**Student:** 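Quick one: the structure is below, and I'll ask about it shortly.
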Amino acid sequence: EGDVYQISGSNQLMKLYKSGHGYNDHTTYQKLLEMTNHELNHRGICFPIDIVYDRDNKFAGYTMDAAKGKSLKLTVMGEEKATRTFKGNFNKVDQIDICMQLLDMIDYIHGHDMLVGDISSNNILVDIDKNVYLIDTDSFQIGRKFRCKVGTPEYVPPELIGKDFSKIFRTED
């Protein structure tokens, strides 16, 4: 959808959409306006903070807090990967703690009338201290107003396989 850049001198990133993938798109702009006006503030959830405009004052993207670490898939999924990532300092309690952090984030998001429609091991980062970060939050479903138009096949429930996500609202189930 876009490219992400570090904002010099801050702990924030800027996502700039590519043409045809959100850049100057009215629906994406309205969704991000709603998100940046929402009071969602939870450690590890890299939620949109401010709207970014280009030189012509066209909607171009948004800013967010930076995440640390590497994807869940590259760090934790598989005992061998976890052992290498955490230099042998990783056990079942750590696995459970990482899962609980993620579930706490999802519960918090649900409590704000939003859904993580695109659950993916690539959108969950874990740092060396085993802190969890949730990225790609601009794809969240916002109530029954803005859909999550994407999904990662291996995390899509059976009843939604083959469905056009741009035409359906998801449920917590």
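The analysis underlying the following values was restricted to heavy atoms, covering all of them including side chains, and did not include hydrogens, waters or symmetry mates. Quick caveat: nothing in here was measured; it's all calculated off a predicted structure.
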**Student:** V4 and Y53: same hydrophobic cluster, using ILVMFWY side-chain contacts below 4.5 Å?
**Tutor:**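 Same hydrophobic cluster.
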
**Student:** Could you measure the distance from the CG atom of L134 to the CG atom of N123? Nearest 0.5 Å is fine.
**Tutor:** 7.0 Å

**Student:** Examine the side chains of D50 and T36 and answer whether a donor and an acceptor come within less than 3.5 Å of each other.
**Tutor:**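 Side chains of D50 and T36: no pair found under 3.5 Å.
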
**Student:** Report yes if some heavy atom in the side chain of L40 is under 4.5 Å from a heavy atom in the side chain of I45; otherwise report no.
**Tutor:** yes

**Student:** When you measure from the centre of the six-membered ring of F86, is the NZ or CZ of K130 under 6.0 Å away and within 45° of the axis?
**Tutor:**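 Because its charged atom sits under 6.0 Å from the ring centre and within 45° of the axis, K130 does stack over F86.
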
**Student:** Is it the case that one hydrophobic cluster holds both I119 and L74, taking links as side-chain heavy atoms less than 4.5 Å apart, direct or via other members?
**Tutor:** no

**Student:** Looking only at the side chains, is there a donor atom on one of Q101 and D97 sitting less than 3.5 Å from an acceptor on the other?
**Tutor:**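 The answer is yes; a qualifying pair exists.
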
**Student:** If we ignore hydrogens and angles and just use 3.5 Å, is the side chain of Q12 paired with the main-chain N or O of Q6 as donor and acceptor?
**Tutor:**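 The answer is no, because no donor-acceptor pair under 3.5 Å joins these two groups.
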
**Student:** Hey, does N131 have a side-chain heavy atom less than 4.5 Å from the side chain of R43?
**Tutor:**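 Side-chain contact under 4.5 Å: yes.
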
**Student:** When you group the ILVMFWY residues by side-chain heavy-atom contacts below 4.5 Å and let the links chain together, are I51 and M35 in the same group?
**Tutor:**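 In one cluster with M35: I51, yes.
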
**Student:** Looking only at the side chains, is there a donor atom on one of Y29 and Y17 sitting less than 3.5 Å from an acceptor on the other?
**Tutor:** no

**Student:** On a heavy-atom basis, which atom in L125 and which in N122 lie closest, and how many Å separate them?
**Tutor:** CD2-O, 4.3 Å

**Student:** For atom CG of D54, decide whether the heavy atoms of other residues, nucleotides or ligands shown that lie under 6.0 angstrom number more than 12.
**Tutor:**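 Yes, the 6.0 Å shell around CG holds more than 12 heavy atoms from other groups.
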
**Student:** I'd like to check the ring-ring contact (aromatic ring centres under 6.0 Å, His included) partners of F165; sequence neighbours left out, ordered by chain and number.
**Tutor:**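 Per chain and number, F165 pairs via ring-ring contact (aromatic ring centres under 6.0 Å, His included) with no residue.
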
**Student:** Restricting to non-hydrogen atoms, name the atom on S121 and the atom on Y155 that form the minimum distance, rounded to 0.1 Å.
**Tutor:** CB-OH, 3.5 Å

**Student:** Checking F146 against F140 for the ring pair (Phe, Tyr, Trp, His ring centres under 6.0 Å) test, could you report, in this order, the C-alpha distance in whole Å, the side-chain angles of both residues, the deciding distance, and whether it holds?
**Tutor:** CA-CA 8 Å; F146 296 103; F140 284 6; over 10 Å; no

**Student:** Are D138 and K15 close enough for a salt bridge, meaning some N to O gap below 4.0 Å?
**Tutor:**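 Yes, this pair counts.
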
**Student:** Are E34 and K145 within salt-bridge range, i.e. N to O under 4.0 Å?
**Tutor:**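 Yes, this pair counts.
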
**Student:** Group every Ile, Leu, Val, Met, Phe, Trp and Tyr by side-chain heavy-atom contacts under 4.5 Å, then state whether L13 and Y5 land in the same group.
**Tutor:** no

**Student:** Distance from H110 atom NE2 to L103 atom CG, nearest 0.5 Å?
**Tutor:** 10.0 Å

**Student:** Do D104 and H42 have side chains that approach each other closer than 4.5 Å (heavy atoms only, starting at C-beta)?
**Tutor:** yes

**Student:** Any side-chain heavy-atom pair from I49 and D65 closer than 4.5 angstrom?
**Tutor:**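 I49 reaches D65 side chain to side chain.
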
**Student:** Minimum heavy-atom separation for G117 to C148, with atom names?
**Tutor:**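 Nearest heavy atoms, G117 then C148: CA-SG, 3.5 Å.
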
**Student:** Would you say that I98 contacts V76 through its side chain, given a criterion of any heavy-atom pair below 4.5 Å between the two side chains?
**Tutor:**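 The answer is yes, as the side chains (C-beta and beyond) meet within the 4.5 Å cut-off.
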
**Student:** Could you tell me whether the side chain of N91 and the main chain of V93 form a donor-acceptor pair under 3.5 Å?
**Tutor:** yes

**Student:** Can D173 and T171 be counted as having a side-chain donor-acceptor contact under 3.5 angstrom?
**Tutor:**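 Judged by distance alone, the side chains do not pair up.
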
**Student:** Nearest 0.5 Å, please: how far is CZ in R84 from CZ in F90?
**Tutor:**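 Those atoms lie 13.0 Å apart.
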
**Student:** Mind checking the CG-CE spacing from D107 to M100? Nearest 0.5 Å is all I need.
**Tutor:**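 Answer for the CG-CE pair, D107 versus M100, is 9.5 Å.
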
**Student:** To the closest 0.5 Å, what do you measure between CG (L115) and CD1 (I142)?
**Tutor:**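 Spacing of CG (L115) from CD1 (I142) equals 9.0 Å.
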
**Student:** Walk me through whether D118 and S139 qualify under side chain to side chain donor-acceptor pair (under 3.5 Å).
**Tutor:** CA-CA 7 Å; D118 189 19; S139 66; 4.7 Å; no

**Student:** So how far is it from I135 CD1 to I124 CD1, rounded to the nearest 0.5 Å?
**Tutor:**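 I135 CD1 to I124 CD1: 9.5 Å, rounded to 0.5 Å.
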
**Student:** Is it true that L33 and M64 fall in one hydrophobic cluster, defined by side-chain heavy atoms closer than 4.5 Å?
**Tutor:**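 As far as the 4.5 Å side-chain criterion goes, M64 and L33 are connected within one cluster.
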
